[in-house]
Structure formats: structure tokens, C-alpha cells
Protein chains: 2
Amino acid sequence: MARAGLTPDRVTRAGAELADEVGFAHVTASAVARRVGVQVASLYSHVRGTDDLRTRIALLALEELADRGDAALAGRAGRDALVALGDVYRDYAREHPGRYDAARHRLDPATAATSAGPRHAALARAVLRAYDLTETDQTHAVRLLGSVFHGFTSLELAGGFDHSAPDAQESWVRVLDAVDTMLRSWTA
Amino acid sequence: MARAGLTPDRVTRAGAELADEVGFAHVTASAVARRVGVQVASLYSHVRGTDDLRTRIALLALEELADRGDAALAGRAGRDALVALGDVYRDYAREHPGRYDAARHRLDPATAATSAGPRHAALARAVLRAYDLTETDQTHAVRLLGSVFHGFTSLELAGGFDHSAPDAQESWVRVLDAVDTMLRSWTA
DNA sequence: CTCCTCTGCCTAATGTGTTTAGGCAGCTTA
DNA sequence: TAAGCTGCCTAAACACATTAGGCAGAGGAG
């Protein structure tokens, strides 16, 4: 038998590609096995099962997103940084819709703690450094950023903006402007 | 054989309850059949299959949400209306997490058009009447509202705010305040 | 080069969920 | 009360998930 040379990582990547093609919800062990040219049972040497596979895809997506975030924020501040980070999430979601959904997959607390999740909070805080906020207000603002980035991205991805003018890009710019305004005029 | 007296509606409601208990993703025809005390195959007289069942739950959730929205906006305007509508989504998500997820289920365009979806856009526009916006800006603002409401709600539901102080309620108030302030000063 | 071992991938089997086909019995209508 | 409709049933075929156990090929030791 020719060996396929699988590793947990390779299986995860195949799963991520599949997710982008057919949707995260349709990622099954069987489909991944077919994709990598192996019997289903063989996957179980590399991942514990479907749930583990989905979790690994989620962790991969979170890391890819955080890496892009780091790159985007380097050398930027204020409104520029805000737009750059927002674009990271929105662009990633459009390039990799399945992975983006995966990143919303609920992780158990232990896994979440060792994931790239905390890096995302740090990215938001980095954007907020340019605005003058107290510690507590910064937390509120982190949540606002998360809500707007994720909310807009997820509604756009779900096709919520498809059948009305003007196009989403225009609204995106205006929404980011609005958020910038909110952050500038944030008052206790 | 005792008849269970099923109807598509009854099946859908059982599915919605199940979704709230175990999560929308885990709603299966088998589980619904068990819940209503009937063999799986019997469900197929009432719904076309699992997909149809999920779609019906989504439509139910969208309508319940729109109904609550109508009730909440009656006699309110401005900031009051904004908060009331936001609370509709957030409270509904906390009371009915499975249904809330269902409401995000992607519908085909034909179904979406006859769903309560358009009512939701109308609700947002109703909130925005009190603010002085051009037609186009209103569309952008509708999308901002949708993003904030859905984004915050969905991150909270996913447990994103669980392990950090202060609690989500406080951030929610601050976020809505910020949106209100920002809508007042919206400029082209 | 040969043998040994390790392990990656296999076949087989079980359980659960989905869906279709066809049958029977209990309300409904005349 | 006979006829028919239809709601629910059993049966069967197919896909996915998961576990148990086997074989053979790649790599190291002599």
C-alpha cells in the first residue's frame, strides 16, 4: 500500500480547504478521507474524531487570523489601524468562509486558553492604544470592535447585504468611520 | 395506533425547543421524532427532510423576533427605541439560543423574500427615523445596527465575554450609548 | 544485505441518522 | 355502516462515525 504520508497537520489543512469549499458544517471525516485519498478509519490515527478535527480547523483559523492581524497592525495607528484590522477579518472571511466559520466554533475553556484567542484581544487593544480610553472603557471598546467586525463580516457572508444598494464595501467604510467617531468621542 | 396529531407546525415547534436545548446544529429528524413520540419516517409526511425542518425553524425564529421587535418599538423613539430593539435581539438569543442560531441559517433567495427578513430591515429603519439621515446613510446605518446587534449578541452567546470583567450588560449599555451618540452626529 | 520492528494504512463490524416505498388502521364522510 | 383518506407504521438502502484487529512497507541494527 502506498503511504499517503499523513500527519495531524496535513489532515487539518485538508479539512480547512474542504470547509472553504463546502462550508464548515459539512466538514466530515469521510469527506476529508476521500480528499486525502485514504480510508476513513485511517484518519483516526491522526485526529481523535470529527469533533477534534473541527477544533483543529478552528485553531488553525484563529492563528492565521492573528498572524494577519499582527502583520496588518505593524506600523499603523489610529483610524489606519482600525481599518487595517477590520479588513483582516473581512478579507479573511471572504477568502476563507469555511475557516472563518470555524473560528467561531465553540472551544472548551482549556483549549481556548491555549488558542490564538487571546492574541485577538491583544490586537483590538493595540488598535485602541491611539484612542484615549480608561482601562474599563478599553474593555467595552474591545467588545464594540469585536461586535462590529464580526457582526458586519458575518452578515455580509450570510448574504444579508446582497439584495440592496449600495454595495457592502461602501457601508463598510462608513461603518468603520462611525466606529472611529465613537471611539474619539467616547465619554464616561 | 394512537395518533400523535402532528402538523408541520407542531414538528417545527418541537424542533425549535430541541434547538434551544441542544443547539441548532444538533437538531436531527431522529431526535425530533423521539421528542414527539413518533417513528422517524412519520416526520416525512409533515416536513420534506432535515433541511426543510431547519429552514422552518429559521422562519419561525425570524417571525418571533420580528413580532417582538414590533412590540418593542411601539410608542418609542430615539435612544429608547434603539435600546429596546437591541434588547429584543439580545434577550431572544439568551432565552432561545438555538432559535437565534437558526435565524442565521442561510435561506435560498425565494424563501428569504417571503420570510420575516424584510420586517427586520423595517424595524431598523423605524429606529433610525428619529435620527436625521439621508436615504443612503440610512442604509449604511441599518447595516451598522445589524452588525452591532448581531455581533455583540453572537459573541456573548459564544461565551466570548465570559472570562473578563466587567460583565456583558455593562458593555452593552455603553455600546448602545456610543451608537446613539454617533448616529446623532452622523455626517456625510 | 538481511532481518526486525514500528506504525501507517487497511478491512471488518457496529451504531446512528436520512430517506424512500409500501402497508394498515382509525377518523371522516356519505 | 361502508368507503376512502391519511397519519403513522415497518422495512430496507445508504452515508457517516467510531472501534478492533491485521498486514505490509519503511527505517534502523547487525
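Below, chain A is the first sequence line, B the second, and so on; all start at residue 1. What you see below is based on every heavy atom in this structure, not just the backbone, and it leaves out hydrogens, waters and symmetry mates. Bear in mind the structure is a predicted one, so any value in this text is a computation, not a measurement.
Checking side-chain atoms of B:Arg129 against main-chain N and O of B:Arg125 turns up no donor-acceptor pair under 3.5 Å.
Of the candidates C:dT18, D:dA17, D:dC8, the closest approach to any side-chain atom of B:Val38 belongs to D:dC8. Distance from the side chain of A:Ala41 is smallest to C:dT11 among C:dT11, D:dC9, C:dT20. Here D:dC8 is the nucleotide among C:dC10, D:dA17, D:dC8 with the atom lying nearest to any side-chain atom of B:Ser45. In the set C:dT19, D:dT18, D:dC8, D:dT18 carries the atom at the smallest distance from any side-chain atom of A:Tyr44. Closest approach to the B:Ser42 side chain among C:dC9, D:dT18, D:dC8 is made by D:dC8 (side chain taken as heavy atoms from C-beta onward).
Close to D:dA17, at under 4.0 Å from its OP1 or OP2, lies a side-chain N or O of A:Ser30.
Look at CG on B:Leu43: it is 14 Å from C1' on C:dT20, rounded to the nearest Å. For the pair A:Asp51 CG and D:dA17 P, the computed distance is 11 Å after rounding to whole Å. The interatomic distance linking B:Arg34 (CZ) with C:dT18 (C1') rounds to 13 Å, in whole Å. We find that NE2 of A:His26 is positioned 13 Å from C1' of D:dA15, with the value rounded to whole Å. Counting to the nearest Å, the C1' atom of C:dT20 and the CZ atom of B:Arg48 are 15 Å from each other. One atom, CD of A:Gln39, and another, C1' of D:dA15, lie 14 Å apart when rounded to the nearest Å.
Centroid-to-centroid, the aromatic rings of A:Tyr131 and A:Trp186 stay 6.0 Å apart or farther.
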With salt bridge (Lys or Arg N to Asp or Glu O under 4.0 Å) as the test, would you mind laying out the steps for B:Asp101 and B:Arg104 before giving the verdict?
CA-CA 5 Å; B:Asp101 277 352; B:Arg104 249 90 240 148; over 6 Å; no

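Under the 4.5 Å side-chain heavy-atom criterion for ILVMFWY residues, a single connected hydrophobic cluster contains both A:Leu155 and B:Val179.
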